[in-house]
Engineer: 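Before I ask anything, let me first share the structure, which is written out below as structure tokens.
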Amino acid sequence: MVPTKTFALSLTNKTHTKATLTPTDSPTPTYELDLSWFTKELFTKSNKPSIVLRSTSSPTSSSSQPGSETSGPIIGICLLPFISLSNPIQLCFGNPDSKSAVWETVPCREVLISNRFELTLDLGGQLGRRTFDWKRTHDVEGMGLLKSELDYLHLKMVERATGRVLARFKHHFWYGMKRGVLEIEDYEGGPGWEVVVVLSGMAVLEYLRKLFGYSF
């Protein structure tokens with residue numbers, strides 16, 4: 001099945017703390033990500049976001065001084081509290097300083113093998129609350145045996161009730177500025193569905209990267 005949208009995830013600075021998600025059919029990024037760097041952050045009680053997700057639309061100045069950098073509005077954050085591996089990932093949809101922000105948890109249901117990250121949320125209207133699982137996978141189209149079997153950072157998002165695959169992340173096997181490709185299928189999740197997929201998928205990816213020993 002051909003995905004509805006495909007985004008390339010790429011790092012944009014030398015310290016690997018900035019990244020973008022850019023549609024493969026456009027040169028303009030849709031999302032910007034601020035990423036944590038040090039692995040040690042995972043084993044502290046810090047509430048510093050591990051991911052800050054921004055939209056590239058309506059950029060706002062980070063300072064009132066002329067020539068200051070601009071950044072898009074915050075549309076989500078992720079906290080990775082690794083005091084215990086049983087602690088869930090915490091996601092905030094929206095700006096955490098806003099009263100309309102919605103917080104959800106993403107527990108890992110198979111802790112011993114670090115797999116099956118469960119996201120249950122209310123999609124509103126007739127959709128109601130639904131449960132989805134992000135899982136590691138080796139079933140990756142368009143990749144050879146070496147890249148698909150030896151890489152443990154390929155992911156898929158599955159609707160639990162139907163078993164339908166709604167999104168995939170194909171990790172870039174070789175070290176570099178390109179992290180991989182996120183594919184999103186068409187789904188009746190409402191206007192905020194794409195952000196749900198992007199933030200939850202990037203959160204699980206960063207969780208696994210840090211867990212496997214990547215500092216950045």
Side-chain angles (χ1 to χ4, degrees), residues 1 3-7 9 19 21 23 30-36 42 47-58 60 72-111 114-137 154-169 182-208 210-211:
M1 182 180 294
T4 303
K5 289 189 177 181
T6 303
F7 297 93
L9 175 63
L21 279 163
T30 301
Y31 302 102
E32 298 172 338
L33 299 100
D34 298 333
L35 306 172
S36 64
L42 299 176
N47 286 326
K48 178 182 178 181
S50 300
I51 299 175
V52 177
L53 178 66
R54 301 176 185 272
S55 169
T56 58
S57 63
S58 304
T60 56
I74 295 175
I75 56 175
I77 69 167
C78 162
L79 302 177
L80 300 178
F82 270 52
I83 300 172
S84 167
L85 292 179
S86 62
N87 282 9
I89 298 169
Q90 298 181 56
L91 301 181
C92 174
F93 297 101
N95 190 316
D97 295 329
S98 170
K99 293 182 179 179
S100 61
V102 176
W103 287 87
E104 299 287 354
T105 59
V106 182
C108 178
R109 294 305 187 191
E110 298 177 11
V111 175
S114 304
N115 200 16
R116 198 162 71 80
F117 296 83
E118 176 187 290
L119 172 63
T120 301
L121 72 167
D122 190 347
L123 296 178
Q126 296 180 347
L127 297 174
R129 290 191 70 82
R130 300 199 181 184
T131 299
F132 309 90
D133 294 301
W134 277 101
K135 302 178 180 181
R136 290 191 284 116
T137 181
H154 300 305
L155 303 170
K156 63 180 178 181
M157 184 188 196
V158 181
E159 184 179 33
R160 185 176 297 177
T162 64
R164 178 183 169 190
V165 177
L166 303 178
R168 301 172 187 82
F169 181 76
L182 176 65
E183 300 177 345
I184 303 176
E185 304 287 351
D186 187 30
Y187 183 70
E188 67 280 5
W193 175 246
E194 185 173 289
V195 173
V196 169
V197 176
V198 169
L199 183 59
S200 62
M202 295 302 97
V204 171
L205 175 65
E206 282 300 294
Y207 180 107
L208 291 173
K210 298 299 193 296
L211 187 63

Engineer: Are any of the side-chain heavy atoms of L205 and L9 separated by less than 4.5 Å?
Structural biologist: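 Sidechains of L9 and L205: in contact.
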Engineer: Between M157 and S200, which heavy-atom pair has the shortest distance, and what is it?
Structural biologist: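 Shortest heavy-atom separation between M157 and S200 comes out as CE-OG, 4.3 Å.
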Engineer: Of all residues at least two apart in sequence or in a different chain, which pass the side chain to side chain contact (heavy atoms under 4.5 Å, CB included) check with L123?
Structural biologist: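 Per chain and number, L123 pairs via side chain to side chain contact (heavy atoms under 4.5 Å, CB included) with L121, L127, R130, F132, Y187, W193.
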Engineer: To the nearest 0.5 Å, how far apart are NZ in K210 and OG in S36?
Structural biologist: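 Separation between the atoms: 4.0 Å.
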Engineer: Quick one: ring pair (Phe, Tyr, Trp, His ring centres under 6.0 Å) partners of F117, sequence neighbours excluded?
Structural biologist: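 In terms of ring pair (Phe, Tyr, Trp, His ring centres under 6.0 Å), with neighbours along the sequence ignored, F117 is linked to Y207.
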Engineer: Using side-chain heavy atoms (C-beta onward) and a distance below 4.5 Å, is D34 in contact with P49?
Structural biologist: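 Counting from C-beta outward, D34 and P49 never come under 4.5 Å.
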Engineer: Could you walk me through whether L155 and R136 pass side-chain contact (heavy atoms from CB on, under 4.5 Å), step by step?
Structural biologist: CA-CA 4 Å; L155 303 170; R136 290 191 284 116; 3.8 Å; yes
Engineer: Does L21 form a side-chain contact (heavy atoms from CB on, under 4.5 Å) with T30? I'd like the steps, not just the answer.
Structural biologist: CA-CA 6 Å; L21 279 163; T30 301; 5.7 Å; no
Engineer: Please report the interatomic distance CG(L166) to CG(D133), rounded to the nearest 0.5 Å.
Structural biologist: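 Separation between the atoms: 10.5 Å.
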Engineer: Atom CG of L53 and atom SG of C78: how far apart are they, to the nearest 0.5 Å?
Structural biologist: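 Rounded to the nearest 0.5 Å, the CG-SG separation comes out at 10.5 Å.
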Engineer: Please identify each residue that fulfils salt bridge (Lys or Arg N to Asp or Glu O under 4.0 Å) with K156, with sequence neighbours left out.
Structural biologist: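 Applying salt bridge (Lys or Arg N to Asp or Glu O under 4.0 Å) to K156 gives none.
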Engineer: With sequence neighbours excluded, what pairs up with D186 under the side chain to side chain contact (heavy atoms under 4.5 Å, CB included) test?
Structural biologist: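 With sequence neighbours excluded, D186 shows a side chain to side chain contact (heavy atoms under 4.5 Å, CB included) to T4, given in chain and number order.
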Engineer: I need the minimum non-hydrogen distance between V198 and Y31, along with the two atoms involved.
Structural biologist: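 For V198 and Y31, the tightest heavy-atom pair comes out as CG2-CE1, 3.9 Å.
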Engineer: Can you find a heavy atom in the side chain of W103 that is under 4.5 Å from one in the side chain of L79?
Structural biologist: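 They are in contact (side-chain heavy atoms under 4.5 Å apart), so the answer is yes.
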Engineer: Kindly write out the residues that satisfy side chain to side chain donor-acceptor pair (under 3.5 Å) with T120, not counting sequence neighbours, or none if the list is empty.
Structural biologist: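 T131.
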Engineer: Would you compute the distance between atom CZ of F169 and atom CD of E183 and round it to the nearest 0.5 angstrom?
Structural biologist: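 With rounding to 0.5 Å, CZ (F169) is 10.5 Å from CD (E183).
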Engineer: May I ask you to test the R168-H154 pair for a side-chain heavy-atom distance under 4.5 Å?
Structural biologist: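 They are not in contact (no side-chain heavy atoms under 4.5 Å apart), so the answer is no.
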Engineer: At their closest point, which heavy atom of I51 faces which heavy atom of M202, and how far apart are they?
Structural biologist: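 The answer is CD1-O, 3.4 Å.
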Engineer: Is there a donor-acceptor pair under 3.5 Å between the side chain of N115 and the backbone N or O of E110?
Structural biologist: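 Such a contact is absent between N115 side chain and E110 backbone.
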Engineer: Report yes if the side chains of P88 and V106 come closer than 4.5 Å at any heavy-atom pair, otherwise no.
Structural biologist: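 Of all side-chain heavy-atom pairs linking V106 with P88, none is under 4.5 Å.
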Engineer: Residues in side chain to side chain contact (heavy atoms under 4.5 Å, CB included) with S98, at least two apart?
Structural biologist: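 Counting only residues at least two positions away or on another chain, S98 forms a side chain to side chain contact (heavy atoms under 4.5 Å, CB included) with N95, S100.
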Engineer: Let me confirm one number: the OG-CD1 distance from S55 to I74, rounded to the nearest 0.5 Å.
Structural biologist: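 If we round to the nearest 0.5 Å, S55:OG and I74:CD1 are 12.0 Å apart.
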Engineer: Nearest heavy-atom pair of S57 and P73: which atoms, and what distance?
Structural biologist: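 Shortest heavy-atom separation between S57 and P73 comes out as O-CD, 2.9 Å.
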Engineer: Please list, chain by chain and in numerical order, all residues satisfying side chain to side chain contact (heavy atoms under 4.5 Å, CB included) with R109, sequence neighbours excluded.
Structural biologist: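 Residues passing side chain to side chain contact (heavy atoms under 4.5 Å, CB included) with R109: P107, R116, E118.
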Engineer: Between E206 and L35, does a side-chain contact (heavy atoms from CB on, under 4.5 Å) hold up when you go through it step by step?
Structural biologist: CA-CA 9 Å; E206 282 300 294; L35 306 172; 4.2 Å; yes
